[in-house]
Amino acid sequence: MAVNSTLKRRSRIFFRKSAEYVGKNILGDLIVVRRNKKLLAGKIVETESYLGIKDDASHSFQGKVTPRNKITYGDGGFIYVYLIYGKYWCFNIVVSKENDPQTVFIRAIEPLEGINVMRKRRGTDDIHKLTNGPCRWTQSFGIDRSFFGKDITLNTILIVPQKHKNFEIVQTKRVGVDYARNAKNWPLRFYVKDSLFISKR
DNA sequence: GTACAGATTGAG
DNA sequence: TCAATCTGTACT
């Protein structure tokens, strides 16, 4: 995979679908980041969907708007990153259409290219600990506030669709949202069955 | 201006 | 099991 090549990628039309649809259908796809002549790539193996206004685990529950989450009310296909615990970056793709603030949270990746860069950034050689968590893979891929608002259909960061997906999808409740009253048990976490690269629990 | 929670991680 | 670490948000 060359740094400057044109890659087939998921389009605006795809990201205007629902969070459940996108969350399930990007499993097995590749995520590619190309910056500073470096190419990093991996297979998406775990996602969660957040349904927005009706979802009390979502940052935009009941139509709440803040400077931080405003972008989730915009068009699908843009990136929403936020800092958590003062040190980690969480990565989301805004999906659906304007004024419907649904998001897809990417929780884990299987590393494919740029593995030595990832090892250096993470400070470990263990390939299973580079990208098996929502803030671990962002660290490996160098995702930070500079990605906020980026268009995921352009060239810096993009999703490459894969045709042949020979795996089963496991669907469970989401991680770390027990504070949600109604939505905490909604089955909106999706992962590739038997993948060695999903987050623990 | 102050207070405080947090879609996690890593050490113990 | 539990503290790190600091921004965004809500409050005075």
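The structure presented is a predicted model; accordingly, all values stated were derived computationally and were not measured. In the text below, chain A, chain B and the rest are named by the order of the sequence lines, each starting its count at 1.
Between A:Tyr50 and B:dA7, a base-stacking contact is recorded: ring centres under 5.5 Å apart, planes less than 30° from parallel.
Looking only at side-chain heavy atoms (C-beta outward), A:Val177 and A:Tyr50 come within less than 4.5 Å of each other. Within the 4.5 Å cutoff, side-chain heavy atoms of A:Thr131 are placed close to those of A:Phe141.
A:Asp144 has its CG atom 17 Å from the C1' atom of B:dT8, to the nearest Å. Distance A:Ile198 CD1 to B:dT8 P: 15 Å, rounded to the nearest Å. With rounding to whole Å, A:Tyr82 atom OH is found 16 Å from C:dT7 atom P. Regarding A:Tyr80, its OH atom lies at a distance of 10 Å from the P atom of C:dG8, rounded to whole Å. Residue A:Ile93 contributes atom CD1, which lies 15 Å from atom C1' of B:dA7 at whole-angstrom precision. For the pair A:Tyr88 OH and C:dT5 P, the interatomic distance rounds to 9 Å; values are reported in whole Å. Here B:dA7 presents its P atom at 17 Å from CG of A:Asn185, a figure rounded to the nearest Å. Rounded to a whole Å, the CZ atom of A:Arg145 is 14 Å from the C1' atom of C:dT5.
Listed nucleotides C:dA4, B:dT9, C:dT7 differ in distance to A:Cys135; the shortest reach to its side chain belongs to B:dT9. Distances from the side chain of A:Lys87 to the nucleotides C:dT7, C:dT5, C:dA10 place C:dT5 closest. Which of B:dT9, B:dA7, C:dT5 sits closest to the side chain of A:Tyr85 comes down to C:dT5. For A:Thr66, the side-chain atoms get nearest to C:dT9 when compared with the rest of C:dT5, B:dT8, C:dT9. Side chain of A:Pro67, nearest nucleotide from B:dT9, B:dA7, C:dT9: C:dT9. Side-chain atoms of A:Cys90 lie closest to B:dT8 of the nucleotides B:dT9, C:dG8, B:dT8. Here the side chain of A:Arg68 is nearest to one of B:dT9, C:dT9, B:dA7, namely C:dT9.
For B:dG10, one of the phosphate oxygens OP1 or OP2 lies less than 4.0 angstrom from a side-chain nitrogen or oxygen of A:Arg136. Contact check, A:Arg122 against B:dG10: a side-chain N or O comes under 4.0 Å of OP1 or OP2. Residue A:Arg107 has a polar side-chain atom (N or O) positioned under 4.0 Å from OP1 or OP2 of B:dT8.
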Show the numbers, then the answer: is there a ring pair (Phe, Tyr, Trp, His ring centres under 6.0 Å) between A:Trp137 and A:Phe91?
CA-CA 9 Å; A:Trp137 81 262; A:Phe91 179 94; 5.1 Å; yes
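In this structure, CD1 on A:Ile152 lies 11.5 Å from CZ on A:Arg10, to the nearest 0.5 angstrom.
Residues A:Glu46 and A:Ser199 bring a donor and an acceptor atom of their side chains to less than 3.5 Å of each other.
Base-pair partner of B:dA3: C:dT9 (Watson-Crick or G-U wobble, both distances under 3.5 Å).
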